[in-house]
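Below is one structure, written out as structure tokens, with a few remarks after it.
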Amino acid sequence: MTASATPNASLNPAQREAVEHNNGPMLVLAGAGSGKTRVLTSRIARLIAEGHARADQILAVTFTNKAAGEMKERVARALGEPPAGMWIGTFHAIGARMLRRDPEKVARTNAFTIYDEDDTLAIVKRLMERHRVSPKTWTPRAISSAISEARNALVDPVDFAKLAMTPLAKAVAPIYNDWDLAFRGANAVSFDDLLWLPVELLQRHADVRERYENRFKYILVDEYQDTNRAQYELIRLMGARNGNVAVVGDDDQAIYGWRGADIRNILDFERDYPSAKVVRLEENYRSTSAILDLANVVIAENTGRRGKTLRSTQPGGDPVTLIGALDDRDESDAIAEEIEARRKRMGDKFSDIAILYRTNAQSRGFEESFRRRQIPYRMVGAVRFYDRREIKDLVSWLRLIANPADDEAFRRAIGVPKRGIGETTVELLASGARDAGIPLLAAAARPDLMVGARPATKSAMADFVESVDRFHAMATEASVDALIVELVTHIGYDAALRAEGPEGLERLDNVAEFIRGAAETVIEHGGEIGLRPLDHFLQQATLVAGLDQLGPDADAVTMMTLHTAKGLEFPVVFVAGMEDGLFPLSRASDDPDMLEEERRLFYVGITRAERKLYLSWARSRRRNGETMPSILSRFVNATAQKLLVPQPTIRLRASGRAAMTPAVRGPSSWDDESPGTWRRNPAREKAVEIEDQSQDQPVLTKGARVKHKTFGSGTIAEASGTGRDAKVTIDFDDEAVGRKRLVVAFAGLERDFD
């Protein structure tokens with residue numbers, strides 16, 4: 001045994017206990033920052049160095065190629081040489097290796113192809129055509145996702161058809177039934193087949209199962225809490241004989257139930273392995289005591305957990321700060337200002353800081369706030385807000401509405417959503433437009449320039465032109481946010497995204513955030529109606545989208561969702577949007593399992609912080625163009641609040657609402673909202689109006705004198721609408737300003753007592 005492979009004296013007692021365990025099953029409950037990778041690699045090195053097993057008798061499975069590579073390098077360093085013959089890799093890599101060894105048993109040859117997402121979708125499209133499933137009803141991606149879920153849950157086509165109750169499931173069933181035949185015919189496998197087929201191989205072929213049982217004396221699995229049914233079964237079958245299955249995971253960080261991971265695999269480990277040794281790693285080497293105290297309080301509320309308490313090796317530390325903001329824009333600005341202040345006060349680098357949020361849509365506010373302050377940032381696991389497909393789609397529509405001569409906008413908007421007008425038709429139209437010397441939209445209004453096109457195509461083109469004309473006229477009166485709300489419904493864009501399945505729902509969240517940004521433009525312009533806000537909004541969107549991308553080594557703030565942050569750590573972390581309905585999501589309120597997973601996600605966010613943690617929330621947040629009151633997340637309960645230092649923003653203090661108790665709870669202002677729902681809630685609007693009333697609020701009647709922060713004093717000439725739809729036409733005293741039409745809710749009008 002080499003000295004480097006000897007259990008190091010720096011291992012704590014619990015780590016050493018896990019490393020020195022020899023035979024029999026073992027469950028290592030490894031808390032965040034507790035050194036689980038070190039335990040895994042030290043255990044592998046010790047088993048080889050002490051002669052308990054040869055390297056080729058060990059199977060080590062993890063979830064990412066990066067983690068597998070790091071594990072292999074650490075074992076090689078500990079042994080002083082590479083562990084020749086050891087199988088170490090991701091579940092999918094191990095599965096592919098198994099299939100290459102016995103391809104004929106799954107009706108393939110050794111040269112089979114692993115299809116990527118695009119290849120798989122191509123097969124789905126052909127099967128949809130065969131079974132006459134319209135892509136207008138269900139997108140190929142939604143069909144593929146449903147089959148993927150079934151494969152990972154080990155539900156075969158026969159059982160799937162028996163259980164098919166929803167319209168989507170009934171559409172999927174015949175396609176799934178032909179799945180294996182289609183892939184066998186192409187000598188190919190899908191990504192999910194890399195789990196499905198190895199399990200099938202072990203279940204149906206006793207000789208193959210016996211070969212692997214004899215070969216792998218020890219099996220080690222990392223991130224066991226994230227395993228799905230297929231991964232669980234693969235490990236169970238391969239480790240059944242020897243029973244030397246050691247799994248490492250953290251039930252408190254099980255956050256992937258939405259993609260098939262089953263927390264019961266780790267909670268019920270002793271069900272399959274009654275003699276299992278259980279070791280808890282509770283010493284945390286990452287975060288300060290102040291941060292871990294909050295993490296322990298938060299996760300203790302969950303009932304579905306094994307139970308452990310993290311202890312920091314770094315006592316003390318700065319207390320956790322709770323930033324309270326007036327609204328979501330104030331929240332973004334406050335975090336940006338705090339980052340700038342820390343740079344001056346603490347000397348933090350931008351790269352020391354991460355902003356974590358529940359949904360990708362939340363990035364927009366931070367992107368725009370950072371751009372105004374020239375704070376460099378990078379997005380991890382997502383494209384920048386204005387580069388997302390759904391945002392580009394809607395921007396193309398707005399560009400065409402604002403400028404009917406914008407041919408590039410026309411080319412994109414004509415296919416959003418699909419209306420049976422293909423590239424051939426657009427090129428035919430473009431040829432006619434060039435000959436006539438007119439823009440594409442103008443050409444689309446002339447049937448004589450579309451000679452040869454089918455009647456259905458001409459009709460679809462006419463409808464498109466009519467829609468653009470309608471919204472071009474609407475833009476002179478409607479605010480930008482109202483314009484977009486009407487647009488997504490009128491063209492059926494919301495329905496098209498819903499048909500894409502779960503991914504489409506996330507895109508709808510981004511559309512809702514896009515509407516929020518448009519509403520802010522109305523506010524910036526003091527509620528003025530007309531084309532100017534639309535032009536300004538499009539200019540702003542173009543400038544933000546064109547921001548230079550930063551290299552991987554640049555000094556920049558990191559922004560990502562909480563899911564993406566798992567496994568990472570940063571000196572300073574902001575967890576933003578701590579409001580019920582946003583975090584936890586509103587749909588978790590009636591689902592105890594989902595609510596516990598949301599709480600585990602919060603726990604993951606907390607434990608990413610090393611030195612300093614901030615939480616933030618907003619008293620009100622814009623949703624689909626409407627300002628709605630918010631309440632502090634239920635995760636920040638009374639016990640947790642005792643560990644926090646409140647830090648209300650200047651705007652919140654000035655509003656007189658900073659002293660309100662944040663723990664006061666009531667029905668979430670978002671609970672009846674779902675992605676892509678554009679309805680207004682009059683009851684909420686009334687509540688907001690009452691809350692915002694003051695004695696200086698002007699009487700908005702014809703002849704009343706009012707003041708505007710930008711345009712000065714004036715006299716109301718006309719007033720129409722009620723509540724948040726109220727508009728006024730004002731003749732301003734300054735002749736250079738003249739007459740303006742404003743949205744009252746955003747105009748900030750005051751009485752003019754002069």
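These numbers were taken from a predicted model, which means no experiment stands behind them.
- Note that Arg100 lies in the cation-pi zone of Phe112, set by a 6.0 Å cut-off to the ring centre and a 45° limit from the axis.
- Within the 4.5 Å cutoff, the side chain of Ile44 has heavy atoms near those of the Leu220 side chain.
- Glu270 and Arg306 are joined by a salt bridge, as a carboxylate oxygen and a charged side-chain nitrogen come within less than 4.0 angstrom of each other.
- With rounding to the nearest 0.5 angstrom, the CD1 atom of Ile219 is 8.0 Å from the CG atom of Asn242.
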Between Trp87 and Ile94, does the side-chain contact (heavy atoms from CB on, under 4.5 Å) criterion hold? Intermediate values first, please. CA-CA 8 Å; Trp87 280 28; Ile94 297 298; 4.2 Å; yes
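- The pair Arg358-Glu598 meets the salt-bridge criterion, with a side-chain N (NZ, NE, NH1 or NH2) lying under 4.0 Å from an Asp/Glu carboxylate O.
- Ser148 and Asp192 are linked by a side-chain donor-acceptor pair at a separation below 3.5 angstrom, with hydrogens and angles left out of the test.
- Tyr232 pairs by the ring-ring contact (aromatic ring centres under 6.0 Å, His included) definition with nothing, not counting sequence neighbours.
- Side chains of Leu281 and Val39 form a contact here, defined as non-hydrogen atoms less than 4.5 Å apart.
- For Arg305 (side chain) and Asp252 (main-chain N/O), no donor-acceptor pair under 3.5 Å exists by modelled atom type.
- Between Gly317 and Ala290 the shortest heavy-atom distance is O-CB, 3.9 Å.
- Taking a 6.0 Å sphere around NZ of Lys72, one finds it holds 12 or fewer heavy atoms contributed by other residues, nucleotides or ligands.
- Residue pairs satisfying the salt bridge (Lys or Arg N to Asp or Glu O under 4.0 Å) criterion with at least one member in residues 560-573, sequence neighbours excluded, are listed as follows: Glu223-Lys566, Asp226-Lys566, Arg286-Glu569.
- Between Phe183 and Trp179, the ring-plane angle classifies as tilted under the 30° and 60° cut-offs.
- By the 4.0 Å N-to-carboxylate-O rule, Glu500 lies close enough to Arg389 to be salt-bridged with it.
- Scanning all heavy atoms of the two residues, the minimum distance from Ala32 to Tyr603 falls at N-OH, 4.5 Å.
- Look at Arg151 and Asp193 and you find a salt bridge, because one of the NZ, NE, NH1 or NH2 atoms lies within 4.0 Å of a carboxylate O, short of that distance.
- Figure legend: Arg259 and Tyr256 shown as a cation-pi pair, the cationic atom lying under 6.0 angstrom from the six-membered ring centre and within 45 degrees of its axis.
- Using a 4.5 Å heavy-atom threshold, the side chains of Pro584 and Ser589 count as separate.
- Here the side chain of Arg54 pairs no donor or acceptor atom with the backbone of Met86 at under 3.5 angstrom.
- At distances below 3.5 Å, not a single donor-acceptor pair connects side-chain atoms of Arg211 with backbone N or O atoms of Ala206.
- For Thr90 (side chain) and Thr62 (main-chain N/O), no donor-acceptor pair under 3.5 Å exists by modelled atom type.
- Contact check for Thr227 versus Phe63: side-chain heavy atoms found under the 4.5 Å cut-off.
- Between the side chain of Asp116 and the backbone N or O of Asp119, at least one donor-acceptor pair lies under 3.5 Å.
- When the shell of 6.0 Å around CZ of Arg209 is examined, it contains more than 12 heavy atoms from other residues, nucleotides or ligands.
- The backbone N or O of Leu568 sits less than 3.5 Å from a side-chain atom of Arg608, completing a donor-acceptor pair.
- Side-chain atoms of His563 come within 3.5 Å of backbone atoms of Ile255 as a donor-acceptor pair (strictly under, hydrogens ignored).
- Not a single ring-ring contact (aromatic ring centres under 6.0 Å, His included) links Tyr218 to another residue, sequence neighbours left out.
- In this structure the side chain of Ile263 reaches within 4.5 angstrom of the side chain of Arg600, judged on heavy atoms.
- With values rounded to the nearest 0.5 angstrom, His131 atom NE2 is found 10.5 Å from Ile143 atom CD1.
- More than 12 heavy atoms of other residues, nucleotides or ligands shown are found within 6.0 angstrom of CZ on Arg97.
- Not counting sequence neighbours, the partners of Tyr273 by the ring-ring contact (aromatic ring centres under 6.0 Å, His included) test are Phe269.
- Closest approach of Ile88 and Ala68 over heavy atoms only: CD1-O, 3.7 Å.
- Closest heavy-atom contact between Gly31 and Asp250: CA-OD2, 3.7 Å.
- For the residue pair Asn187/Thr109, the side-chain donor-acceptor check at 3.5 Å is satisfied.
- The line from CZ of Arg241 to CD of Glu213 is 4.5 Å long, rounded to the nearest 0.5 Å.
- In terms of heavy atoms, Ala171 sits closest to Val133 at O-CG2, 3.9 Å.
- Panel note: side chain Asn244, backbone Lys217; a donor-acceptor pair is recorded below 3.5 Å.
- Lys105 has its side chain within reach of Asp207: a pair of non-hydrogen atoms, C-beta onward, lies under 4.5 Å apart.
- Looking at His92 and Leu195, their side chains come closer than 4.5 Å, going by heavy atoms from C-beta outward.
- Rounding to the nearest 0.5 Å places CZ of Phe91 at 11.5 Å from CG of Asn152.
- In this structure, Phe191 has its ring center no closer than 6.0 Å to that of Tyr115.
- By the salt bridge (Lys or Arg N to Asp or Glu O under 4.0 Å) test, Arg271 pairs with Asp268, sequence neighbours left out.
- Looking at heavy atoms from C-beta onward, Leu505 lies out of side-chain contact with Leu497 at the 4.5 angstrom threshold.
- Side chain of Gln15 to main chain of Ser34: a donor-acceptor pair is present (N/O by atom type, distance under 3.5 Å, no hydrogens or angles).
- To the nearest 0.5 Å, the span separating CG on Leu613 from CG on Leu292 amounts to 10.5 Å.
- The main-chain N or O of Lys308 is never found under 3.5 Å from a side-chain atom of Glu282 such that the two would form a donor-acceptor pair.
- How far CH2 of Trp196 is from CG of Leu234: 13.5 Å, rounded to the nearest 0.5 Å.
- Screening residues 157-179 for salt bridge (Lys or Arg N to Asp or Glu O under 4.0 Å) gives Arg130-Asp178 as the qualifying pairs, with residues at least two apart or on separate chains.
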